[in-house]
Each structure stands twice: as C-alpha cells, then as structure tokens.
Amino acid sequence: MKIEQQIQQAALAAVKALYGQEVPEKTVQLQKTRNEFEGNLTLVVFPFVKMARKSPELTGQEIGDYLVSNCDAISKYNVVKGFLNLSISDEAWLQLLTDIDQEDHYGEKTADDSAPLVMIEYSSPNTNKPLHLGHVRNNLLGWSLAQIMQANGNRVVKTNIVNDRGIHICKSMLAWQKWGNDETPESSGKKGDHLIGDYYVAFDKHYREEIKQLVAQGMDEEQAKQEAPLIKEAHAMLVKWEQNDPEVRALWEKMNNWVYAGFDETYQKMGVSFDKIYYESQTYLKGKAKVEEGLEKGLFERHEDGSVWADLTNEGLDQKLLLRSDGTSVYMTQDIGTAEMRYEDYPIDKMIYVVGNEQNYHFQVLSILLDRLGFKWGKELTHFSYGMVELPNGKMKSREGTVVDADDLMELMVSDARRVSDEAGKNNDMTEAEKQETARIVGMGALKYFILKVDARKNMLFNPEESIDFNGNTGPFIQYTHARIRSILRKAKDERQEISHHSTLTAKEVELIQKMSEYGAAVEQAGKDYSPSGIANYCYELTKVFNQFYHDYSILNEPDADKRQLRLIIARNVAKILKNGMALLGIEVPERM
C-alpha cells in the first residue's frame with residue numbers, strides 16, 4: 001500500500017477512535033510538506049477541529065500522537081497552526097523504493113479489454129504541401145497524449161484525417177499540369193510532398209500576377225480574385241473531380257500517392273504513427289447523407305436557395321451552414337461523415353480532436369450536432385485546443401512558401417546536436433554510426449521536449465538554439481542525466497542489487513524516493529488535464545533533484561557497501577522513471593552521450 005494510503009487509513013481510524021466520527025476519505029487532505037518545515041507529508045487538521053472541540057494545534061497533536069503509535073510509516077510529527085507535518089520512517093521509504101524497483105512501469109496503468117476506448121485524432125494534413133512547424137506541434141501533442149491516456153489505463157486508437165480533396169488540392173494539380181513537364185519525385189530527387197508543395201506555391205505566384213494585371217486594367221481586387229483565369233480553371237477542375245472525371249481522378253490519385261510517401265517518411269523521422277487513417281474524399285459523401293437524414297428527422301432546415309442549415313440559437317450560437325445551395329459539403333459536413341465512419345469502425349467511449357485554437361468554435365458546434373444526431377460521445381467530445389507556434393522572425397505562410405518545413409527543421413536539430421557533441425568532445429569514444437544515432441536521439445529529443453514542455457493552450461516561440469542546450473529545462477539535459485546514470489550502473493555491474501532495509505537515509509535520498517513516488521500522480525494528472533507539459537515538468541524536476549543529490553554524494557566511491565548499494569538502486573530507478581516519462585513524450589533516451 002502506498003504511504004499516502006496508509007496515512008489516510010490511519011487518519012480515518014484516528015478520527016473515529018478520538019472523536020467517534022466516521023468521515024469520508026476525501027476529508028483527509030495530504031500535501032507535500034513545505035520546504036521550510038520539518039516533515040515529508042502534511043495533514044490538514046481544520047476539517048476535524050469542530051468535532052474535536054479543541055484548537056487546531058491541540059487537534060493536530062492528538063491526531064499526531066495517535067498516528068505515531070498506530071501507523072508504522074510515521075516516525076514523528078510537528079504541528080504548525082492547523083497543519084500536522086508528518087515525518088515518514090526510513091523503513092517506509094525503503095519499502096516504497098522496493099515497490100518502485102519491482103515494477104518496470106511503476107506509476108503507469110495497463111488497460112484491459114473492458115477499459116474505455118479513447119480515439120485521438122491528430123495531424124490532419126492537406127495533400128497540397130509538406131508538413132510544417134505547426135504540424136510538428138500537432139503531431140507531437142497528439143502522439144504524447146495517446147501515450148499518456150494509455151498510461152492511465154485507457155485503450156487508445158490513434159487516427160488521422162487527411163484533407164485530400166477541395167480547391168487547394170486542385171491548385172497544386174493544375175500548376176503541375178501547366179508547368180510540371182511531367183516532373184516526378186524520382187526525376188527531381190525531391191520528396192513527393194515537397195514537390196507538390198512547390199506547385200502550390202507556383203500556383204499562388206501566377207494567380208497573384210493575374211490579379212495584379214486585372215486590377216491594372218481597372219477591375220476591383222475582390223472581383224479580380226474571382227475572375228482570374230487560373231482560379232476559374234481550378235474550380236472547373238474541382239467540378240470535374242466531383243463528377244468523377246477519370247482523367248482528373250487519375251492525376252489526383254498519382255499526385256496524392258507522391259504526397260503520402262513523403263508524409264510517411266516525415267512521420268517515421270518524427271516517431272509518430274496512426275492506427276487508422278481516414279480520407280476526406282471518402283467521408284464527405286457520408287456526411288452529406290447524415291445531414292440529409294437529420295433533415296428528414298426535422299433536426300435541420302432547408303432554406304429557399306436549397307442550402308441546409310442547423311439552427312443553434314437555443315444553444316446561444318448562430319445558424320450553421322451544412323450543405324451549400326449547390327449541394328456541396330462544408331468542413332462541418334465532412335467532420336460529421338468522418339464521425340459516422342469512426343463510430344461504425346470502433347465502439348468509441350471518448351473522442352479527442354487535437355486541433356489548433358482557431359477552430360474552437362467549429363468544435364463547439366460539432367459537439368452539439370453530433371449529440372443531436374445521436375452519437376453517444378458527441379456531447380462529451382474533447383477539442384484538445386493548442387496555440388500557434390511562431391519563430392523568432394515571425395509567422396509562417398504556406399502559400400508564399402515561407403513556412404518552416406518539418407523535414408528541414410528535424411534535419412537542422414540533428415545536425416545541431418551532432419555539432420554540439422563534436423565541439424564538446426563528448427562523443428570521442430564512439431563509432432561514426434553511434435555518433436550519428438546519438439545525434440538523432442538528442443536532436444529529436446531537444447525538438448520534442450522544447451515544444452511539449454510548454455502548456456499546449458499557449459502560443460509559443462520556437463527557438464532551435466535554446467532547445468539544444470545541455471543545461472536548464474531542455475531535453476538534452478534530461479537525456480544527459482539518464483546517460484550519466486547508465487554509465488554509473490555499467491561501471492558498477494558487479495554490485496549486488498538487493499535493498500538493505502536497515503539503511504539510514506539522508507534527506508536527499510528521501511527527497512529522491514519521494515519525488516519518484518510522485519510519478520504515478522503526475523501521470524494521472526496529465527491524463528486528467530490532457531497535459532504533456534505536466535510530464536515534461538515532472539521529468540525536469542526529478543532530473544534536478546537527482547543532479548543535486550549526485551553533486552552532494554558519491555555513489556561508486558561510497559565506502560559503506562550498503563549505502564553504495566542503496567544509491568545504485570535509487571539511481572537505477574531514477575533512470576527507469578526518466579526513460580518511461582520521456583517515452584510518454586515520444587522522446588528516446590540514449591545509453592551514452
């Protein structure tokens with residue numbers, strides 16, 4: 001039983017024995033003792049003062065005396081006003097360390113077949129351009145959230161919806177038709193998604209030129225945007241696509257396949273994957289059918305021009321367009337269709353959409369519509385809303401080709417990690433292959449940690465140079481601590497690994513064991529809050545506590561065999577928890593650095 005649970009049970013027994021009252025478990029409030037006071041855990045006495053009919057100080061003393069006599073985990077106490085500060089016995093800490101040591105994934109839960117099924121949607125790329133820095137944040141948050149939900153005992157399905165249809169896709173297709181000269185990823189040596197992205201940029205360049213010319217001829221700018229020959233051709237291509245024109249569909253399929261091959265490569269480098277991928281081209285018709293069904297049931301209304309709307313005024317919102325007057329679908333319709341397909345594929349208990357905060361209103365509306373249409377998780381759907389990523393030199397625009405490309409960014413991070421290691425001489429005894437693999441792990445760890453340590457709801461500024469620092473709140477700092485511990489353990493390979501339960505613990509050793517024991521609570525809280533940053537912050541705190549301990553105490557050179565053994569076991573478990581915690585962020589930790 002955990003130390004907190006032992007104290008809670010003993011405190012409930014104390015209240016019954018001393019004051020004849022049975023109180024609910026939640027009345028026993030335990031918190032970490034503040035640094036300026038002696039003790040490890042503090043019991044809040046105020047809830048028991050009225051039933052004790054004594055001052056908070058006297059109530060605290062009575063409960064403290066009872067706990068010292070009746071709970072083996074507590075060695076002594078002190079009372080400060082209405083707070084009972086409890087010191088935990090060395091025996092209890094050593095037993096806790098034994099428990100931690102015996103579990104490979106201490107603090108994490110395993111799902112069984114009856115566990116809730118949570119579906120998490122992330123990535124959602126368009127097939128007209130490569131993934132960029134914004135997608136990096138999205139994918140890293142989605143992947144990490146999936147690991148955290150799993151570590152909280154849920155079954156998880158990771159899913160992606162690819163925006164593979166629409167006017168933006170036709171723009172790239174048309175540009176390739178006009179100026180591509182049958183260029184392919186093989187002939188150009190470019191990844192397919194990059195190749196198609198170039199044509200999206202080319203379309204915009206020519207389109208803007210046409211607008212400029214029409215404005216120079218006296219046309220209003222808004223009208224010029226509608227009348228430019230290129231945009232008219234793109235719309236005509238979209239109509240042909242909708243009509244299943246074989247030539248347009250064949251081109252669309254060919255170019256999309258180039259993009260998917262490129263995406264797969266990027267996902268692999270990023271260390272993310274999906275259990276199921278959906279495509280808008282397969283879901284939008286399903287969405288239209290679902291809206292028509294809702295119309296027949298009187299859930300929606302058709303306007304005079306033939307368009308279909310949902311009236312949400314009773315929910316304090318406005319009217320929402322679901323089908324245009326020409327019968328074509330909007331994003332909301334597609335999301336309804338995707339939900340229908342997912343519901344047929346999986347018995348979902350919870351649906352989480354990882355999408356930027358500019359879509360907050362969209363998901364508020366989607367939740368209401370899915371609930372109306374009878375999806376049991378509609379009302380409970382979660383929009384995991386996150387802020388924008390900006391760079392020191394401003395925002396990104398994909399049409400203008402000024403985005404920070406995900407592949408380029410990952411390459412930069414790995415080469416920076418290699419340069420920093422080479423300059424520091426940390427990798428001198430490694431083979432070339434080991435140097436490169438370590439640079440990959442450290443570079444990607446730096447990128448992921450820098451993005452995930454920030455509260456997802458906030459906008460963030462990504463600074464590659466800051467992220468690769470080996471000191472401070474960075475991925476490499478935590479990775480280096482793990483590698484350092486693994487090095488200590490390799491040197492001590494002949495040591496016995498059992499825990500002596502007669503050891504006397506120093507304050508720093510207690511602090512480390514207590515910090516490790518908080519991992520489960522950190523995982524649970526991160527699951528409740530949908531917060532990868534909570535795990536990142538926990539890993540950083542544990543790393544700092546270990547480094548302070550390592551600075552103050554020797555491990556390998558400790559002359560007392562029992563103490564040396566104890567410190568090795570503590571170190572081994574710190575490394576284990578850091579490895580597991582960083583894995584929840586999708587971050588690998590190297591054995592050597």
Side-chain angles (χ1 to χ4, degrees), residues 122-123 125 130-144 191 193-194 197 262-273 386 388-396 402-427 430 432-454 456 460-483 532-533 535-536 539-540 543 578-579 582-593:
Y122 56 98
S123 200
L131 303 179
H132 55 63
L133 179 54
H135 290 114
V136 172
R137 190 178 199 190
N138 179 300
N139 278 280
L140 297 184
L141 286 169
W143 177 266
S144 179
K191 276 176 84 236
D193 50 335
H194 287 242
F263 283 172
D264 286 348
E265 212 177 298
T266 306
Y267 289 139
Q268 197 179 349
K269 278 186 203 161
M270 212 183 285
V272 304
S273 61
Y386 64 89
M388 305 297 286
V389 191
E390 292 174 10
L391 291 151
N393 56 0
K395 290 186 180 176
M396 308 178 290
T402 59
V403 298
V404 174
D405 179 84
D407 293 313
D408 292 346
L409 177 62
M410 291 190 285
E411 206 175 298
L412 170 74
M413 296 301 296
V414 174
S415 66
D416 275 2
R418 176 64 192 265
R419 178 181 51 75
V420 170
S421 288
D422 285 352
E423 285 171 5
K426 290 178 186 291
N427 56 8
M430 293 184 188
E432 180 55 34
E434 284 175 327
K435 287 177 183 179
Q436 212 38 48
E437 176 62 358
T438 304
R440 181 193 68 76
I441 291 172
V442 173
M444 290 306 297
L447 169 65
K448 292 179 180 187
Y449 188 85
F450 197 89
I451 284 176
L452 293 173
K453 73 175 180 179
V454 179
M460 68 170 291
L461 191 72
F462 179 71
N463 187 328
E465 282 175 36
E466 255 181 63
S467 70
I468 211 84
D469 197 334
F470 278 68
N471 296 301
N473 190 3
T474 66
F477 174 60
I478 297 167
Q479 288 173 317
Y480 183 66
T481 300
H482 176 271
S533 63
I535 298 294
C539 289
Y540 176 53
T543 302
L578 285 180
K579 185 176 184 174
M582 293 291 265
L584 296 186
L585 304 176
I587 298 173
E588 299 166 77
V589 286
E591 289 288 305
R592 302 170 67 205
M593 259 173 87

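- Here salt bridge (Lys or Arg N to Asp or Glu O under 4.0 Å) pairs that include residues 436-445, with residues two or more places apart or in two chains, are E437-R440, R440-E588.
- One finds the CG atom of D422 at 6.0 Å from the NZ atom of K435 (value rounded to the nearest 0.5 Å).
- Residues that satisfy the ring pair (Phe, Tyr, Trp, His ring centres under 6.0 Å) test with F462, not counting sequence neighbours, are F450.
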Q. Step by step, would you call L409 with L447 a side-chain contact (heavy atoms from CB on, under 4.5 Å)?
A. CA-CA 9 Å; L409 177 62; L447 169 65; 3.8 Å; yes
Q) side-chain contact (heavy atoms from CB on, under 4.5 Å) between D193 and E265: does it pass, once the steps are laid out? A) CA-CA 10 Å; D193 50 335; E265 212 177 298; over 6 Å; no
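- Taking all atoms of both residues into account, the shortest heavy-atom contact from K269 to M410 is CB-CE, 3.7 Å.
- Within the model, atoms OG of S273 and CH2 of W143 stand 4.0 Å from one another, a figure rounded to the nearest 0.5 Å.
- With rounding to the nearest 0.5 Å, the separation of OH in Y480 from CZ in F470 is 9.0 Å.
- Taken to the nearest 0.5 Å, the CD1 atom of I451 stands 8.5 Å off from the OG atom of S467.
- Residue F263 comes nearest to P130 through the heavy atom pair CE2-CA, 4.2 Å, listed as atom of the first residue, atom of the second, then distance.
- Taking NE2 of H132 as the reference point, atom CZ of R137 lies at 13.5 Å (rounded to 0.5 Å).
- Applying the 6.0 Å contact sphere to CD of Q268 captures no more than 12 heavy atoms from other residues, nucleotides or ligands.
- A donor-acceptor contact closer than 3.5 angstrom links the side chains of Y386 and N138.
- L131 places none of its side-chain heavy atoms less than 4.5 Å from the side chain of V136.
- Around CD of E465, the count of heavy atoms belonging to other residues, nucleotides or ligands within 6.0 Å does not exceed 12.
- Residues K191 and T266 meet the side-chain proximity criterion, which asks for heavy atoms closer than 4.5 Å.
- Two residues are said to be in side-chain contact when any heavy atoms from C-beta on lie closer than 4.5 Å; E390 and L461 meet this criterion.
- V389 places a side-chain heavy atom less than 4.5 Å from the side chain of M460.
- When every heavy atom of Y267 is checked against every heavy atom of S123, the shortest pair comes out as OH-OG, 2.6 Å.
- In this structure the side chain of P464 reaches within 4.5 angstrom of the side chain of L412, judged on heavy atoms.
- Judged by distance alone, the side chains of N427 and S421 never bring a donor and an acceptor atom under 3.5 Å apart.
- The neighbour count for E411 CD, taken as heavy atoms of other residues, nucleotides or ligands under 6.0 Å away, does not exceed 12.
- With respect to R592 and E434, a salt bridge is recorded, a charged nitrogen being found less than 4.0 Å from a carboxylate O.
- Between V442 and M413, every side-chain heavy-atom pair lies at or beyond the 4.5 Å cut-off.
- Residues T438 and K426 bring no donor and acceptor atom of their side chains to less than 3.5 Å of each other.
- Residues K453 and N473 approach most closely at NZ-O, 2.8 Å, considering heavy atoms.
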Q | Stepwise side-chain contact (heavy atoms from CB on, under 4.5 Å) test for L133 and M388 | A | CA-CA 10 Å; L133 179 54; M388 305 297 286; over 6 Å; no
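- For the residue pair Y540 / T474, no side-chain donor-acceptor distance below 3.5 Å is found, with atom types taken as modelled.
- Shortest non-hydrogen contact noted between Q479 and P590 is CB-CD, 3.8 Å.
- Using a 4.5 Å heavy-atom cutoff, the side chains of H482 and M582 are not in contact.
- A pairwise comparison of heavy atoms in D469 and P476 identifies O-CB, 3.6 Å as the closest pair.
- Among residues two or more places apart in sequence or in another chain, the ring pair (Phe, Tyr, Trp, His ring centres under 6.0 Å) test is passed with Y122 by F274.
- With S144 contributing its side chain and L141 its backbone, the two residues share no donor-acceptor pair below 3.5 Å.
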